[in-house]
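Worksheet for the structure shown next.
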Amino acid sequence: MRTHARPAPIRGRKAPTPPEVSVVIPCLNEADTLAICIEKARRALREHDIAGEVIVADNGSTDGSIEIAVRMGARVVNVAARGYGSALMGGIAAARGRFVIMGDADDSYDFLELPKFVARLRGGDELVQGCRLPAGGGRVAPGAMPWLHRWLGNPLFSWLARRWFRAPVHDVYCGFRGFTRQLYARLGQRCAGMEFATEMIIKSSLYSARISEVPITLHPDGRKAHAPHLKTFRDGWRTLRLFLVCSPRWLFLLPGLSLVALGVLGYVLALPGIALGGVTFDAHTLLVSSLAVLLGYQCIVFAICTKTFAITQGLLPEDRLTTRFFQVVDLERGLVIAGGALLGGMALVLAAVNQWRLADFGALEYAHTMRLVVPGVTLTALGFQTVVSSFLVSILGMRRL
């Protein structure tokens, strides 16, 4: 990242007061609309007596955008790493204001609405999210948002954000927002692409930040030289992937618990050979039930590993449930439980071998011996998985020095 040099301070003079607000605008060949955005941002700061600066985080423009930004009085930050998130991270890193307002350079956001965000930040909010949708009081001008985005993608992901992460927002994709630099430092943003915006909301919610929402108006994209950078299905998939990665509960834990529950139900029906409605549950049901238990248990282990790694790396905050779990289950207890499962499984397998011995190692009664072999093999596999998983979780849980 490279910034345009500023004159060195003259000795004996008092250093200028840092701005209260830094407006960060990511840019990649936005010559059509960049000047309008910068002018509106500067006008909003001036008319509302807000001490601020405008930063254009350029991501490799070749259409004269840099020259326009300099001419309009913005500070240009050149960000080599490509991506919407990379550009914003570079611009925010160079920001000097206590508050940061970010917004796109396509003139779809009216920077004259900027003071609404500043007022909320001054009032103590840490993240102020713009809302373009009527559900949050916003407005979408005709032709400003594709039908699929407005009526399916955005409402769906916004609902998931509220349901999974308790984020109090109705427009998770809105890129016009304000936040404190202190909050940004806590979040440790990682996403270099379009997921940057949703990552901020998810992490802010998980870190119990003070979040509010202000209604804004979305205007049609003013660019003529090129199409929007957003790709509907690619960026939609990336958002879903981020949601799942940030919520091991939904990706691994709940599916795993469901599979284990189905497997246990199968055992309850198949071990005694229960018949329901003319359907008899026998040895084949045991095999399928064991498969469900093994797959479900693996999902649960993955959830624990993912959560542990995310917490130790600062991707997710520690929560009460996870803390309590590791107070109850540690490496030693895990090995004891694994040892019990291994011994139980081997005992059942040996019992089946004994049945074979009693039959002079000849043909066995299939339905009877499988009720020993299948649970025995399953318990042995679960015990072995628990041994290796206990060590893996213990390693992942080690804090870096």
In Å, rounded to the nearest 0.5 Å, how long is the span from [atom1] of [X] to [atom2] of [Y]?
X    : Y    : atom1 : atom2 : answer
E213 : H170 : CD    : NE2   : 6.0 Å
K307 : S247 : NZ    : OG    : 7.5 Å
N29  : L34  : CG    : CG    : 11.0 Å
K203 : L242 : NZ    : CG    : 8.5 Å
D32  : D107 : CG    : CG    : 10.5 Å
T180 : L121 : OG1   : CG    : 7.5 Å

Under a 4.0 Å N-O cut-off, is there an ion pair linking R43 with E39?
no
Strictly distance-based, threshold 3.5 Å: is any side-chain N or O of [X] a donor or acceptor partner for the main-chain N or O of [Y]?
X    : Y    : result
S212 : V128 : no
D125 : L127 : no
S61  : I66  : no
R186 : A209 : no
Y267 : S289 : no
Q129 : D171 : yes
R96  : E53  : no
R210 : G124 : yes
S158 : V172 : yes
T306 : A303 : no

Hey, are the side chains of [X] and [Y] touching, using non-hydrogen atoms and a 4.5 Å cut-off?
X    : Y    : result
V56  : S65  : no
V293 : L259 : no
I36  : F111 : no
I92  : M89  : no
L253 : P248 : no
Y297 : T386 : yes
L28  : R82  : yes
S290 : V377 : no

Could you tell me how the ring of F196 sits relative to the ring of Y84: parallel (under 30°), tilted (30 to 60°) or perpendicular (over 60°)?
perpendicular
Kindly indicate, with the supporting measurements, whether the criterion side-chain contact (heavy atoms from CB on, under 4.5 Å) is fulfilled by T312 and L396.
CA-CA 8 Å; T312 56; L396 290 175; 5.6 Å; no
With a sphere of 6.0 Å drawn around [atom1] of [X], does it hold more than 12 non-hydrogen atoms of other residues, nucleotides or ligands?
X    : atom1 : value
R46  : CZ    : yes
R166 : CZ    : no
M346 : CE    : no
R249 : CZ    : no
F309 : CZ    : no

[X] and [Y]: which non-hydrogen atoms are nearest, and at how many Å?
X    : Y    : value
P168 : S205 : CD-OG, 4.4 Å
T217 : E113 : N-OE1, 3.4 Å
P215 : G137 : CB-O, 3.2 Å
G236 : Y173 : CA-OH, 4.0 Å
C27  : E30  : SG-CG, 3.7 Å
E20  : I50  : OE1-CG2, 4.0 Å

So I304 and F325, side-chain contact (heavy atoms from CB on, under 4.5 Å) or not? Walk me through it.
CA-CA 10 Å; I304 296 171; F325 173 82; 3.7 Å; yes
May I have all residue pairs that pass salt bridge (charged side-chain N to carboxylate O under 4.0 Å, His left out) and include part of residues 264-286, sequence neighbours excluded?
D282-R371
Counting the benzene-type ring for Trp, do F176 and F117 have ring centres under 6.0 Å apart?
yes
What residues, two or more places apart in sequence or in another chain, satisfy side chain to side chain donor-acceptor pair (under 3.5 Å) together with N59?
none
Stepwise side-chain contact (heavy atoms from CB on, under 4.5 Å) check, W250 with R163:
CA-CA 11 Å; W250 293 95; R163 178 71 180 83; 4.2 Å; yes
Using side-chain contact (heavy atoms from CB on, under 4.5 Å), reason through S204 and L187 one step at a time and then give a plain yes or no.
CA-CA 7 Å; S204 295; L187 297 182; 3.5 Å; yes
